[in-house]
Amino acid sequence: VLARVSGVTGIVLIKAFGGYVTNAVSLLGDAASSFADMITMIAIYIGLTLSLRPPDKRFRYGYHRIETFISLLIASTTTYLGYRLIRESIDRLSEPNVVTKMAAVGIAAAVISIGASFFTFLYQRKTALKINSQALLVSSKDKRNDTFVTMGVLIGLVTNTFGVPVVEKIVGLVLATTVLLTGLNSVK
């Protein structure tokens, strides 16, 4: 878990630096989402560790339901993030986008992030299926969404570079809807 958290920390820093240098709000938002992913990984680790504890006087039937509770928290957080992203995307439809000449830095940060997120999605899904962990499976879906969100950020940065900022806004709205629907589906 510490290796995964340190890897995500690196991605958060790359995205935040790229967003700061380029003045791309979408990349800064993506960094915030990745930071939430880091917190999620820690919560899953705690949930899995606690769920494996044997029954005791306090919990006569064991701790296995803690993982279900952690899954609900993660799914609820994903739903909330989807809602916030939709609101932000709608608000930004009427605003001009300003991305600096350093767009290449943001594009590089997005490409690195896409690779890292996709690898993490594959690893988490494989592990979740192997150990039958619902919390890890929900987290893997979030990493899959993170890959798509960052692809949208990349498309937005590239189109902004060519003077077409509306694409970033539309892609952001579509991706935000996908995140919201994934969260709602996971809550079910």
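These numbers were taken from a predicted model, which means no experiment stands behind them.
One hydrophobic cluster holds both Tyr83 and Ile90 under the rule that ILVMFWY side chains link at heavy-atom gaps under 4.5 Å. Under a hydrophobic clustering in which Ile, Leu, Val, Met, Phe, Trp and Tyr are joined whenever their side-chain heavy atoms come within less than 4.5 Å, directly or via other members, Tyr61 and Leu50 fall into different clusters. Following chains of ILVMFWY side-chain contacts shorter than 4.5 Å, one can reach Val158 starting from Val111, so the two form part of one hydrophobic cluster.
Between the CD1 atom in Ile155 and the CG atom in Asn160 there is a gap of 12.0 Å [rounded to 0.5 Å]. Atoms CZ and CZ, from Arg58 and Arg53 in turn, are 9.0 Å apart once rounded to the nearest 0.5 Å.
Taking each heavy atom of Thr147 and Phe118 in turn, the nearest pair found is OG1-N, 3.3 Å. Of all heavy-atom pairs spanning Gly18 and Ala109, the tightest one is CA-CB, 4.3 Å.
Side-chain atoms of Ser113 never come within 3.5 Å of backbone atoms of Ala110 as a donor-acceptor pair (strictly under, hydrogens ignored). Side chain of Thr79 to backbone of Leu184: a donor-acceptor contact under 3.5 angstrom is found. Of the possible donor and acceptor atoms, none in the side chain of Ser117 sits under 3.5 Å from a partner among the backbone N and O of Lys143.
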List the atom pairs, donor and acceptor, that lie under 3.5 Å between side-chain atoms in residues 125-136 and the rest of the protein, sequence neighbours left out.
residue : atom : partner : partner atom : Å
Thr127  : OG1  : Tyr123  : O            : 2.9
Ser133  : OG   : Glu67   : OE2          : 2.5
Ser133  : OG   : Leu136  : N            : 3.1

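The side chain to side chain contact (heavy atoms under 4.5 Å, CB included) search around Leu72 returns Ser76, Val187, not counting sequence neighbours.
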Under the side chain to side chain contact (heavy atoms under 4.5 Å, CB included) criterion, do Thr22 and Ile107 qualify, and how do the steps go?
CA-CA 9 Å; Thr22 62; Ile107 290 170; over 6 Å; no
Walk me through whether Thr150 and Lys15 qualify under side chain to side chain contact (heavy atoms under 4.5 Å, CB included).
CA-CA 10 Å; Thr150 308; Lys15 288 179 182 180; 3.7 Å; yes
Taking it one step at a time, do Lys141 and Asp146 satisfy salt bridge (charged side-chain N to carboxylate O under 4.0 Å, His left out)?
CA-CA 9 Å; Lys141 290 178 184 178; Asp146 191 39; over 6 Å; no
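Side-chain contact between Phe121 and Ser140 is present, with heavy atoms from C-beta onward closer than 4.5 Å. For the pair Ile114/Val153, no side-chain contact is recorded, criterion being any heavy-atom separation below 4.5 Å from C-beta on.
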